[in-house]
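Structure record follows, encoded as structure tokens.
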Amino acid sequence: MSTVRVRFAPSPTGSLHIGGARTALFNWLFARHHGGAFVLRIDDTDTERSTDISYREILAAMRWLGLDWDEGPEKGGPYGPYLQSQRQEFYRQAAARLLNEGKAYLCYCTVEELAARRKIAQAEGRPPMYDRRCRYLTPEDRTRLEKEGRQPVIRLAVPDQGTTTVKDIVRGDVSFDNDTIDDFIIVKSNGMPTYNFATVVDDHLMQISHIIRAEEHLSNTPKQILVYQALGYELPAFAHVPMILAPDRSKLSKRHGATSVEEYRDEGYLPEAIINYLALLGWSPEGDEEIIPLEEMINSFSLERVSKNAAIYDTKKLTWINGHYLREGDLDRITRLAVPFLQAKGLLPDPLPEKDYDHVRAIIAAVRDRVKTLGEVADAASYFFTDVTTYEEKGVRKHFSKPGAAALLDEAREELAALPQFTAAAAEEAYRTLAERKGISTGQLFHPTRLAVTGRTMGPGLFEILELLGKETVLERLSRASRWIRENLA
RNA sequence: GGCCCGUUAGUCAAGGGGUUAAGACACCGGUCUUUCAAGCCGGUAACAGGGGUUCGAAUCCCCUACGGGCCA
């Protein structure tokens with residue numbers, strides 16, 4: 001079996017978006033499944049749009065997701081450099097060879113001329129393809145055109161008959177008639193290679209065995225195959241994975257809300273949740289499981305089980321998966337990840353004093369069952385770190401408005417104040433005894449207390465909250481609530 | 001416009017000639033509970049349309065529609 005080598009080749013023109021991350025993940029899973037190499041290559045040939053910030057963001061996002069590359073930027077490898085902008089010499093050589101062998105030619109037509117001819121062709125109902133007029137230029141023509149100061153492009157001499165078939169692992173054989181492919185440009189007038197050319201040269205030089213990429217590249221593949229053939233390169237295997245679309249079925253873009261990995265990270269999604277969700281978008285394991293540990297993903301991943309149809313990106317399931325990992329994840333790790341979110345809201349000092357860590361961890365343990373993201377942890381836990389100044393209106397109506405509500409809180413406060421050991425169990429016992437003595441239901445006592453100490457009607461178990469808050473705070477909040485009721489509801 | 005790909009519930013998605021057409025998210029109901037979640041139990045909901053082929057089509061073929069992509 002020949003070695004599996006795959007690559008992910010993003011353009012550094014923005015942050016790593018969900019679609020790119022999914023493509024990267026499929027490549028990564030395929031490589032890990034086969035014990036092959038996952039290569040990261042940066043397609044920065046578009047010097048206008050490529051930025052260093054984007055480059056760094058993409059690398060950071062890949063690392064954050066855990067998609068480590070075996071060869072690539074900041075890592076190196078035997079087939080570098082891994083930035084296309086630094087590989088000009090390879091493209092130049094390949095193009096020169098094609099020119100020499102008569103498989104490519106210089107074209108002096110200007111963009112304006114081309115546009116004009118295209119317009120005419122369309123008006124006459126002909127396909128707007130390049131008419132190949134420079135393919136058969138005489139040396140005299142060429143000198144004349146060059147004297148005019150024209151900067152030539154290099155075009156591939158495409159056969160005008162026959163078909164080119166893409167053998168695609170996901171979609172089967174897809175054929176294109178060669179006469180629908182024009183003599184496309186492989187090197188621009190500024191000397192830069194086009195995508196269809198550079199990618200072939202690099203994939204060959206880097207010994208890529210399987211090209212796994214988004215479906216939008218399927219239509220470009222016959223052109224690339226023609227380049228492979230002209231250059232005498234062996235063809236890799238192709239696998240075009242379906243696109244990820246926005247809820248309105250259009251291409252995913254910024255106007256659809258969060259679409260980049262960074263944004264999800266900042267909202268408090270866990271990398272393993274994003275990986276898990278993305279894996280399920282376009283691929284399905286054989287069983288019924290939706291929560292799939294990474295190991296198992298690697299074991300069971302195969303391109304044969306990648307679906308053909310585009311998927312609409314919907315965050316509801318992602319959020320559910322995230323909630324799952326938040327609940328099940330190692331508590332220390334979740335705590336470490338949650339702390340920055342609490343600090344960002346000003347609920348915790350930065351850095352967090354070592355002595356406070358256990359307390360914070362206990363709070364995270366109490367609230368993480370009822371939230372879906374780390375961002376929500378901060379909301380859910382706010383009253384542990386800041387005073388309660390307002391009470392949820394619905395709760396006030398239900399629990400504070402009854403006659404005697406304030407007196408009841410006072411009474412409860414007395415009981416708690418008398419406790420020698422302020423623990424959840426002791427508080428609960430005191431409360432149950434008090435409720436019984438007063439002949440009221442436990443709820444009639446529990447609900448107003450919860451509202452008094454948290455300002456809310458929902459949350460973790462009441463006595464867990466009391467213990468976490470500590471005696472002093474609880475007593476203080478009970479008196480404050482009692483006072484508030486007398487002042488506002490009397 | 002030409003070429004290419006696709007179409008199973010709101011969403012992901014299994015199923016590839018014979019199935020009561022899986023499962024998950026979401027939604028709704030029940031249960032548990034001091035609340036809210038989680039968990040558990042249950043429910044609503046789908047083969048784009050039309051022609052073939054076949055004893056039999058979600059599954060194979062053709063057309064149409066719709067969606068998407070590529071080329072400028």
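Side chains are part of it too, since the values below use all heavy atoms of this structure and drop only hydrogens, waters and symmetry mates. Here is how names work: the chains are called A, B, and so on, in the same order as the sequence lines, proteins then strands, and each is numbered from 1.
Listed nucleotides B:U11, B:A37, B:U34 differ in distance to A:Arg370; the shortest reach to its side chain belongs to B:A37. Comparing B:A13, B:U11, B:G23 by their nearest atom to the side chain of A:Glu290 picks out B:G23. You'll find that the side chain of A:Asn220 is closest to B:C70, out of B:G10, B:C70, B:C12.
Under 4.0 Å is where a charged nitrogen must lie from a carboxylate oxygen, and between A:Arg413 and A:Asp410 no such pair does. Under a 4.0 Å N-O distance rule, the pair A:Glu215/A:Arg171 qualifies as a salt bridge. Under the 4.0 Å criterion applied to side-chain N and carboxylate O atoms, A:Arg397 and A:Glu392 are not assigned as salt-bridge partners. Comment: A:Arg432 does not engage A:Glu436 in a salt bridge, judged by the lack of any side-chain N to carboxylate O separation of less than 4.0 angstrom.
Following rounding to the nearest Å, A:Lys223 (NZ) and B:C71 (C1') show an atom-to-atom distance of 5 Å. Atom CG in A:Leu245 sits about 8 Å away from atom C1' in B:G67, given to the nearest Å. One atom, CD1 of A:Ile440, and another, P of B:U34, lie 15 Å apart when rounded to the nearest Å. To the nearest angstrom, P of B:G23 lies 17 Å from CD1 of A:Ile292. Going from atom CE of A:Met243 over to atom C1' of B:C70 covers 11 Å, rounded to whole Å. Put simply, CG on A:Asp379 is 16 Å from P on B:A37, counting in whole angstrom units. Here B:A37 presents its C1' atom at 14 Å from CZ of A:Arg368, a figure rounded to the nearest Å. Between the CZ atom of A:Arg249 and the P atom of B:G69 there is a distance of 11 Å, given to the nearest Å.
For an aromatic pair to be called close, the ring centres must be under 6.0 Å apart, and A:Tyr431 with A:Phe463 satisfies this. Under the 6.0 Å cut-off for aromatic ring centres, A:Tyr277 and A:Tyr313 qualify, their centroids lying closer than that. Note: A:Phe301 and A:Trp283 meet the aromatic proximity criterion, with ring centroids under 6.0 Å apart. Taking the ring centroids of A:His210 and A:Phe30, they lie under the 6.0 Å cut-off.
Side-chain polar atoms of A:Arg456 and A:Thr390 form no donor-acceptor pair below 3.5 angstrom. Counted by atom type alone, A:Arg213 and A:His240 present one or more donor-acceptor pairs between their side chains at under 3.5 Å. At a cut-off of 3.5 Å, with distance as the only test, a side-chain donor of A:Tyr269 or A:Thr319 sits close to an acceptor on the other residue. Inspection of the A:Gln224 and A:Asn196 side chains reveals an N or O donor paired with an N or O acceptor under 3.5 Å. Looking only at atom types and distance, the side chain of A:Glu267 has no donor-acceptor partner in the side chain of A:Thr373 under 3.5 Å away. One side chain, A:Thr45 or A:Asp43, offers a donor N or O that lies under 3.5 Å from an acceptor on the other. Side chain to side chain, A:Ser441 and A:Gln444 meet the donor-acceptor criterion of an N or O pair below 3.5 Å. Judged purely by distance below 3.5 Å, without hydrogens or angles, the side chains of A:Asn276 and A:Tyr325 pair a donor atom with an acceptor atom.
Between the side chain of A:Lys345 and the backbone N or O of A:Phe341 there is no donor-acceptor pair closer than 3.5 Å. A:His447 places no side-chain N or O within 3.5 Å of a backbone atom of A:His399 that could act as its donor or acceptor partner.
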Just do the side chain to side chain contact (heavy atoms under 4.5 Å, CB included) check on A:Tyr105 and A:Leu156 with the steps written out, would you?
CA-CA 7 Å; A:Tyr105 59 91; A:Leu156 190 76; over 6 Å; no

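Residue contacts shown for A:Ser284 are limited to sugar-phosphate atoms, with no base heavy atom under 4.0 Å away. Contact annotation for A:Arg305: backbone-only contact, meaning every heavy-atom pair under 4.0 Å involves sugar-phosphate atoms and none involves a base. Contact annotation for A:Gly282: backbone-only contact, meaning every heavy-atom pair under 4.0 Å involves sugar-phosphate atoms and none involves a base. A:Glu216 comes within 4.0 angstrom of the backbone, heavy atoms only, and of no base. Residue-level contact check: A:Thr449 touches neither bases nor backbone, having no heavy atom under 4.0 Å from any strand. Across all strands shown, A:Leu462 has heavy atoms under 4.0 Å from base atoms, whether or not it also approaches the sugar-phosphate. A:Pro460 comes within 4.0 angstrom of a base, heavy atoms only. The residue A:Gly459 sits close to a base: some heavy atom pair falls under 4.0 Å.
Both A:Lys316 and A:Thr180 lie near RNA chain B, and the one whose nearest nucleotide falls closer to the 5' end is A:Thr180. Where A:Pro285 and A:Thr442 meet RNA chain B, the nucleotide closest to each residue was compared, and A:Pro285 sits on the side nearer the 5' end.
Near RNA chain B, defined here as any heavy-atom distance below 4.0 Å, there are no residues from residues 261-272 of chain A. Listed in residue order, the members of residues 15-23 of chain A having a heavy atom less than 4.0 Å from RNA chain B come to none.
A cation-pi contact, defined as under 6.0 Å to the ring centre and within 45° of the axis, is absent between A:Arg41 and A:Phe8. Because its NZ or CZ atom is not both nearer than 6.0 Å to the ring centre of A:Tyr136 and within 45° of the ring axis, A:Arg132 does not count as a cation-pi partner of that residue.
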Polar-atom pairs under 3.5 Å, protein N or O versus N or O of nucleotides 62-66 of chain B: list them with distances, or write none.
none

Do any N or O atoms of the protein come closer than 3.5 Å to N or O atoms of nucleotides 38-42 of chain B, and which pairs are they?
{"unit_1": "B:A38", "atom_1": "O3'", "unit_2": "A:Arg327", "atom_2": "NH1", "d": "3.4"}

Enumerate the protein-to-nucleotides 4-7 of chain B contacts in which both atoms are nitrogen or oxygen and the separation is below 3.5 Å.
{"unit_1": "B:C5", "atom_1": "O2'", "unit_2": "A:Arg171", "atom_2": "NE", "d": "3.0"}
{"unit_1": "B:C5", "atom_1": "O2'", "unit_2": "A:Arg171", "atom_2": "NH2", "d": "2.8"}
{"unit_1": "B:C5", "atom_1": "O2'", "unit_2": "A:Glu215", "atom_2": "OE2", "d": "2.9"}

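Comparing the C1' positions of B:A65 and B:G51 gives a spacing of 14 Å, expressed to the nearest Å. When the P atom is used for both B:G18 and B:G29, the distance is 39 Å, rounded to whole Å. Atom name P, nucleotides B:U53 and B:C61: the rounded distance is 15 Å, in whole Å. The separation of B:U11 from B:G49, taken at their P atoms, amounts to 15 Å, rounded to a whole angstrom. Annotation: B:A37 and B:U44 have their P atoms spaced 23 Å apart (nearest Å). Nucleotides B:C12 and B:G68, compared at atom P, are 14 Å apart to the nearest Å. Atom C1' of B:U8 sits at a distance of 12 Å from the matching atom of B:A22, rounded to the whole Å.
In RNA chain B, stems built from 3 or more consecutive Watson-Crick or G-U wobble pairs, each with both distances under 3.5 Å, span B:1-7 with B:65-71, B:10-12 with B:23-25, B:27-31 with B:39-43, B:48-52 with B:60-64.
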